[in-house]
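Proteins come first, then strands; the chains are lettered A, B, ... in the order of their sequence lines, and each starts at number 1. Because the structure is predicted, anything quoted here is derived from the model rather than measured.
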Amino acid sequence: MLSVQGINVFYGKGIHALKDLSLEVGQGEIVTLIGANGAGKSSTLNTISGLVRPRSGSVVFRDMDITKLPAHKIVEAGLCQVPEGRRIFANLTVQTNLELGAYLRKDKAAIARDMQRVYELFPRLAERKQQPAGTLSGGEQQMLAIGRALMSQPQLLMLDEPSMGLAPLLVKEIFRIVQEINRAGTTILLVEQNARMALSIAHRGYVLETGRVVMTDSASVLAEVDEVRKAYLGG
Amino acid sequence: MRQELIERRLPWLILTVGVYLVISVTSALGILNDYHMINIITIGISIILGVSLNLINGFTGQFSLGHAGFMAVGAYTGAILTMKFGFPFPATLLCGGLAAAVVGLVIGLPTLRLRGDYLAIATLGFGEILRVLFINWSYVGGAGGMVVTQRYTNFHWVYAMTVLTIIVIRNWLQSAHGRACVAIREDEIAASSMGINTTLYKVAAFILGSFFAGVAGVLYAHAYYIVTPASFGFLKSVEILIIVVLGGMGSISGSVLAAIAITLVSVIFTPWPYLRMILYSLALIIVMVYRPGGLMGVKEIQLPALSLKKKEGQQVGTP
Amino acid sequence: MVEFFQQMINGISLGSIYALIALGYTMVYGIIRLINFAHGDIYMVGAFIGFFATTVLKLPFFPAFLMAMAGCAVLGMIIERIAYKPLRHAPTITLLITAIGVSFLLEYGMIWAMTPQPRAYPNLLPTYQFNFSGLIVSVQQLFILVVALVLMVLLHVLVQYTKAGKAMRAVSYDKEAAALMGINVDSVISYTFALGSALAGAAGLLVGVYYNRIDPLMGIMPGLKAFVAAVLGGIGIVPGAMVGGLLMGVAEALVSAFLSSTYRDAVAFAILIIILLIKPAGLLGKKTQEKV
Amino acid sequence: MALLSTESLSMTFGGLRAVSNLSLQLEMNDLQGLIGPNGAGKTTVFNMLSGMIKPTTGKVIFDGEDITNLPAHQITQRGMARTFQNIRLFGSLTVLENVKIAFHRHVTYSFMQALLQLNIAHHEENITRSAMDLLDVLGLADRAHHQANNLSYGEQRLVEIARAMATQPKLLLLDEPAAGMNPHETEQLMNLIGKIRRDFDLSVLLIEHDMNLVMGICERITVLDYGMTIAEGSPEQVRANPRVIEAYLGEEVV
């Protein structure tokens, strides 16, 4: 479904953030990118969603080359990212945030139906419909960010560190919902620092270190490998 | 070390004295007429204004749009002191500068807490308020302005003040205090974490810049016979800004070159004043879009060092 | 007392014009954090387009009004595309200097084309005056107030309730996140310039009608004052611009009447400086913290 | 007496508790690590210690003095220096100029002397010489006249350290000094930090994600999560602490 081939990304003068990075995501999968801070996980997602331009390499989504498309066109192609740090529109209401998620869609009835679905998935958001999103708690903001992305009806949903700054119980809840979204048919590419939790719901995983893929395998295998632990806590 | 310092400074000394002699002699011989001389005076005043604003905007990174206001304070102080109190000119120059510096302190203390565009607008506001105050002050002639019959400003004074401005501001910038100012431009937070009292240095740069704007004002008042509030409005501040921006925010030599170039362009375009402004505005836009650092960026013109003792194989060049 | 209310009326009609200009400032600032110095000059161009439409094309009020708005909208978009878009990631000050350049270009370009001479605006509206026991209200004043209010309400509805308005608010809050929603950030910015400039164009024509004279430098002072109005209300906040504009108009009218008209301009800037020092986020703004 | 200690230090941003009730202790010549997952509040702690932000509640005692409400430059003048996670060099200046600026604390000549260049030459020579010496220690002497922006990431981090050292601190706060460095550079950095501490007789508190570095050189480590201290102790103790493992690797969903 998504195929990233040998992308190289540079920041400023000479910071080589991604080095010949390649990865594949198949239809219906949950794939996770794990690795320590600064390994290039977010850069990978930002490159796929068009916020960052790779110097070389290609990104192909459902047989369409999206390497050079602007970010808003990539959303149109069916690929939506929940950015790191949630990035909700804090000054707008919960409802308006969700409406903006459906910005490109014109089918009013279907939008209303999806909005209903999001509220069912996250009942807490339904209670806070008319509140400015900035007044939500961290966990609720994360739910809103996911819900907002779902409103664009993505084929592939990319999540960047959904667990960041959330209490463990909430993290569990968020991950359960991610699993639920996947079961309902959305493919998922998940970037996480919280490796165990990510591997426990993913099918496959890639381990990143300083801008490179150092290992890739099924999630159950990665969960047992010592290298993953080392990548985080040092050897 | 001392030897090296002399070798580096000698070319500048020769240039400074040389330009002075050439202009004095040619004007004495009548090759340069009064019209030429008044334009040269204008150039000198523009250099003082440009270099002093550059200290604030370019080197310290505190964007001021009210420089003409300080010039006005100097001009009016000068006019009052010579016309009403009969002060000698040198004392007037000093007092004009000091008056502007005091106003700079009063305006700088509250406004320099603001950043970027907000500071620009606040200084613009203060400049306009000063102008309105002069309009409403009948002692200095109100909107009609004040006539200055003593024409003290001549080439020698302008040249001396121009050179003084450049040397003093350059000295400041080459000292630890000047480096503190530049550090604030580069990154205010990092500067404060280096132990620099950022407020103190911003205000210091503002006062120093205002002082020389005041001196320029005194020179202006005694060169053109009349000071009116309208000569020191927003337009004048922008004209000074154009010098700084085109020359390079953070380059003294850039400001000097730009002041000369702009004055010459103004002279050439005197018959078509509006075309001149169109040209300036286009230049501003184009420079900002394609070369935001201006002509010189933060670089300075370097003269080759003169080698006093000939040594074998030693190269003459910039350090 | 009658004099006081009379000045309030004059102030409100002047203030509604400031408010229209301030709206454009606020919208542009909200979306790209630029004090668009040229905004006051767009208002001037609007007055001249109106002048051209009514004198050369002999159009009546409303077609001329629409033409001024449309012309300014296009002008605003062109300026954004040529001068500001290449500087999207440049420091604030670079943008500000560019805006000053654009401002002077419009002013002196217009002088070059039209000479600096003021021109008499044709009488497009009835000059009838109502007299309420000493209080004089002209049809023009009423008209300006009504037109300004209608435009402000329209803008408010547009920004609050339409999809385009929501996109504008999203872009002004977080451009990257907005792009991730599929919003074309560039076209939203362009659209914002068009809207703000159209309002300035409307204000320009109204002022021409109100004061009966226009000139190429007429935009400088109202431009600056409208900016003060925007800051006063809280820059980036649409209702703030309206409140700020009206307050500015009233303050100015009262100062002119009871102090001296020569202090009129100083009052505007005094208000600006006081608000910047005391409550820089403006009357309706919230304070934000700088990231370390 | 502790060189640095904090008493129930807390910081709240718009309802969100970034740091709560932090109590840090740092002795003379300590080398301590401050670690924790992304968003745990580590940089906020540094910002409070160095006076960049004022804590909502709590106190910072440095060298026997309450510095909680001092502005940043005064804290530096009292002997605390820091580097920044997102590198804040004076980018368009040379490396040497960057370091010379940091000697600001030790400038004794007046404004007037500066304006007239009266008797400042030998002061300036001293500053230049000290700055060059410092660059030598950090292995940056050959970069002295390069523009700071043009250096590699790793070198820029070193210049930041040189600059902090130039303020002659008793306590050095390093915010992710190894971020963006390659393994070789990181190794050198580890040696360097140790050497600096010995040679200049100062204490170091560092935030770092590279666990090899932290575990390799720190004697004591404080682990933060959700703004709270969840563990404290030697590297071995911390590495074996189940709460730490959980904070880093998380637990499984099912």
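In this structure, the portion of C:Ile235 lying under 4.5 Å from any heavy atom of chain B is its side chain and not its backbone. Heavy atoms closer than 4.5 Å to chain B are found in both the backbone and the side chain of C:Ile97. Looking at B:Ala122, the atoms closer than 4.5 Å to chain C (heavy atoms on both sides) sit in the backbone and in the side chain alike. Looking at C:Met110, there are no atoms closer than 4.5 Å to chain B (heavy atoms on both sides), in backbone or side chain. Contact annotation for C:Ile273: only side-chain heavy atoms (C-beta onward) come within less than 4.5 Å of a heavy atom of chain B. Only the side chain of C:Leu87 comes within less than 4.5 Å of a heavy atom of chain B; its backbone N, CA, C and O stay farther away. With a 4.5 Å cut-off on non-hydrogen atoms, C:Leu272 touches chain B through its side chain but not through its backbone. The part of B:Leu241 that comes within reach of chain C is its side chain, from C-beta onward, which places non-hydrogen atoms under 4.5 angstrom from that chain. Neither the backbone nor the side chain of C:Leu95 has a heavy atom closer than 4.5 Å to any heavy atom of chain B. Proximity to chain B is limited to the side chain of C:Pro116, based on heavy atoms less than 4.5 angstrom apart. Both the backbone and the side chain of B:Tyr118 come within less than 4.5 Å of a heavy atom in chain C.
A salt bridge is absent between C:Arg119 and C:Asp215: the closest approach of a Lys/Arg side-chain nitrogen to an acidic carboxylate oxygen does not fall below 4.0 angstrom.
Side-chain atoms of B:Ser210 and B:His67 form no donor-acceptor pair, as typed in the model, at a separation below 3.5 Å. Checking B:Glu239 against B:Tyr280 by side-chain atom types alone, no donor-acceptor pair falls below 3.5 Å. A donor-acceptor pair shorter than 3.5 Å cannot be found between the side chains of C:Ser190 and C:Arg81. For the residue pair B:Ser253 / B:Glu300, a side-chain donor-acceptor distance below 3.5 Å is found, with atom types taken as modelled. In this structure, a donor-acceptor pair under 3.5 Å is absent between the side chains of B:Ser266 and B:Thr263. A donor-acceptor pair shorter than 3.5 Å can be found between the side chains of C:Ser103 and C:Asp41.
For a heavy-atom cut-off of 4.5 Å, chain B lies close to C:Ser260, C:Thr262, C:Tyr263 in residues 253-264 of chain C.
Each of B:Thr111, B:Ile121, B:Ile286 has some count of heavy-atom pairs under 4.5 Å with chain C, and the biggest count is that of B:Ile121. Residue with the most contacts toward chain C among B:Glu128, B:Met277, B:Met249: B:Met277 (heavy-atom pairs, distance under 4.5 Å). Note on B:Asn136, B:Leu114, B:Leu133: by heavy-atom pairs under 4.5 Å with chain C, the leading option is B:Asn136.
Within the 3.5 Å criterion, the main-chain N or O of C:Gly30 finds a donor-acceptor partner in the side chain of C:Arg33.
In this structure, C:Phe227 has its ring center at least 6.0 angstrom away from the ring center of C:Phe269.
Ring geometry, B:Phe234 versus C:Phe104: the interplanar angle falls from 30° to 60°, so the pair is classed tilted. Using bins of under 30°, 30° to 60° and over 60° for the plane-to-plane angle, the ring pair C:Tyr84/C:Phe193 lands in the tilted bin. Taking the six-membered ring where the residue is Trp, B:Tyr139 and B:Trp137 present tilted rings, their angle falling between 30° and 60°.
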